[in-house]
Structures are given as C-alpha cells and as structure tokens.
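Computed over heavy atoms, backbone and side chain alike; hydrogens, waters and symmetry mates excluded. Sequence lines set the chain letters: A, B, ... in the order given, protein chains first and strands last, and positions in each chain run from 1.
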Amino acid sequence: DAMVIQNPRYQVTQFGKPVTLSCSQTLNHNVMYWYQQKSSQAPKLLFHYYDKDFNNEADTPDNFQSRRPNTSFCFLDIRSPGLGDAAMYLCATSRKLGQLKKETQYFGPGTRLLVL
Amino acid sequence: KNQVEQSPQSLIILEGKNCTLQCNYTVSPFSNLRWYKQDTGRGPVSLTIMTFSENTKSNGRYTATLDADTKQSSLHITASQLSDSASYICVVSVSAGNNRKLIWGLGTSLAVNP
C-alpha cells in the first residue's frame, strides 16, 4: 500500500544532543512537509520541500534543519534539542500540480520526541 | 487575521448517536476547506475537502457542509461508532499566488462511549 512512513515512532534524546527523524513515502508525491504538534495544539508547519526547493516558515527556529536527498525521503534534523522541542513531529506529503485547488496532504503516523 | 475556530472543544456521545461539529473561519482568500480525523498519537487523516463551489461532501458516515457566504462548515457524523473517538480538525487553505497556506483549527475532541 502507498503510504507515508515515519521512523522511529518514539525517539528519546538528551538535552543538546543532535537527533534526526526520518520520513519516507511510496506515493511519489513531489511535496513533503514537516510539522511540529504539541499537546492539545494544532500542527505547526516547520518547512516543506516542493521538489528540491526548500521553503522555511518564517518562525521556524534555526535549530531545525531538513534534508531531502531524493523524492522518497525527507529528514528532520534538530541540532541541539531543548526541553521545549519535545513534541509529536508529523511528516506529510502531497502532489502539487500548478493551481490545483484540492491538493490533499497525507500524513505519516508521527514520531513522538522526548527530550531528557 | 486568518483564523479557524471550532466548536465544541470537546464532545461526549453514546455509540449509535449522531453529532455535528462546527467550524467558523475568517480566511481570505479562501481556497478550500478540509476536515481531518486525528486519532490519539497518530497523524491526521483526511475525511473531506471542499472548494468554494461545493456545499456538501460525504465520506461514508461523515458528511461535511460548507456555507461560503457565512464562512461556516459542519461535520456531521451519523450512527457513531467507538472508533470515531478522535480529534476532528477543520483546516482552511488560504491562496496566495502560487503558494497555499493552511490555517488549522484546534479541533473538537470527540469521545464515543458504549
């Protein structure tokens, strides 16, 4: 089945220790997104890749970086995690075709990050 | 300011009952409106998506309505099941040239009890 896969589902890291979350997709979608979702809050877009073009949200901290080595994979790197970075991190994909108005994002199951 | 407000914040119903969730938005320019279902600890799953010209869309027991004049949407769940327990999130897409920005509501937390 075509899907969005995130590994690991749960990640524990130490304060200040770099951590990488991974996302892969079998949908062959050209856009991949990373969201941060804290408890009882809406997902907050961090950045997205439109093909190879990286688009950073204005309020995304410099601590967060992303890589997309190919169409199928996208990584979220947190260089120096703080306690406030503990959250669910959601990866999503979509197929963007020009002005298509019904572009739907397909979400992965998320990776829950715990910072000790 | 672009905003999406949902009500109620939480809802408890008995299995088999119907319920309606509300979404009001102040977003411009409007592109489309989606309803997502998010189970606890999981990613959101799309239920429906509607553009300006569509005023109703069904997906099984889920029926969404859209009134673009009053900027309101509702999600009606028929014959609820225990598996419907989740957060239901209304998301409105703002069109800005070639880019689109999603404005997320905070969701309605639905609990279906036996």
Side-chain angles (χ1 to χ4, degrees), chain A residues 3-11 21 23 25 27 29-51 53 55-59 87-114, chain B residues 2-10 23 25 27 29-54 57 59 62 64 66 68 86-111:
Chain A
M3 57 177 60
V4 181
I5 303 162
Q6 289 189 245
N7 285 307
R9 292 295 314 281
Y10 299 91
Q11 176 74 56
L21 309 182
C23 176
Q25 52 128 341
L27 298 162
H29 284 169
N30 57 345
V31 190
M32 294 187 77
Y33 308 79
W34 278 105
Y35 288 86
Q36 179 193 65
Q37 186 177 27
K38 296 188 176 181
S39 182
S40 301
Q41 295 184 18
K44 176 180 179 297
L45 182 64
L46 297 173
F47 25 60
H48 74 277
Y49 273 95
Y50 183 0
D51 294 322
D53 293 334
N55 298 272
N56 198 32
E57 292 300 299
D59 56 355
M88 171 78 88
Y89 289 88
L90 295 165
C91 174
T93 72
S94 70
R95 175 176 294 281
K96 185 169 183 178
L97 299 171
Q99 292 296 310
L100 181 68
K101 285 186 176 290
K102 285 194 175 182
E103 169 198 341
T104 294
Q105 292 185 17
Y106 294 84
F107 285 82
T111 293
R112 184 166 293 283
L113 178 68
L114 181 62
Chain B
N2 290 323
Q3 274 188 318
V4 175
E5 294 182 348
Q6 293 188 242
S7 62
Q9 186 176 7
S10 62
C23 172
Y25 61 91
V27 162
F30 175 89
S31 180
N32 60 58
L33 184 146
R34 316 139 190 261
W35 283 92
Y36 280 96
K37 177 186 178 188
Q38 185 173 22
D39 292 313
T40 301
R42 309 287 296 188
V45 174
S46 180
L47 295 176
T48 64
I49 180 169
M50 291 180 290
T51 58
F52 186 88
S53 59
E54 296 174 297
K57 184 68 70 75
N59 178 359
Y62 301 102
L66 174 64
S87 180
Y88 290 84
I89 308 173
C90 175
V91 185
V92 180
S93 179
V94 181
S95 178
N98 287 327
N99 295 314
R100 268 187 283 282
K101 186 179 177 68
L102 298 184
I103 311 298
W104 292 70
L106 291 180
T108 291
S109 178
L110 175 67

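- For A/Gln6, no part sits under 4.5 Å from any heavy atom of chain B, backbone or side chain.
- Using a 4.5 Å cut-off between heavy atoms, B/Phe52 makes no contact with chain A at all.
- Checked against side-chain hydrogen bond (donor to acceptor under 3.5 Å, both in side chains), A/Gln36 has the following partners two or more places apart in sequence or in another chain: A/Tyr89.
- Residue with the most contacts toward chain B among A/Gly110, A/Ser40, A/Ala42, A/Pro109: A/Pro109 (heavy-atom pairs, distance under 4.5 Å).
- Distance CG/B/Leu102 to OH/A/Tyr33: 7.0 Å, rounded to 0.5 Å.
- Heavy atoms only, all atoms of each residue included: A/Pro43 and B/Trp104 are closest at CD-CE3, 3.4 Å.
- With a 4.5 angstrom heavy-atom cutoff, A/Tyr35 touches chain B only via side-chain atoms.
- The shortest distance between side-chain heavy atoms of A/Met88 and B/Arg42 does not fall below 4.5 Å.
- A/Phe107 CZ: more than 12 foreign heavy atoms inside a 6.0 Å radius.
- The side-chain hydrogen bond (donor to acceptor under 3.5 Å, both in side chains) search around B/Gln38 returns A/Gln37, not counting sequence neighbours.
- The shortest non-hydrogen separation linking A/Leu90 to B/Gly43 is CD2-CA, 3.6 Å.
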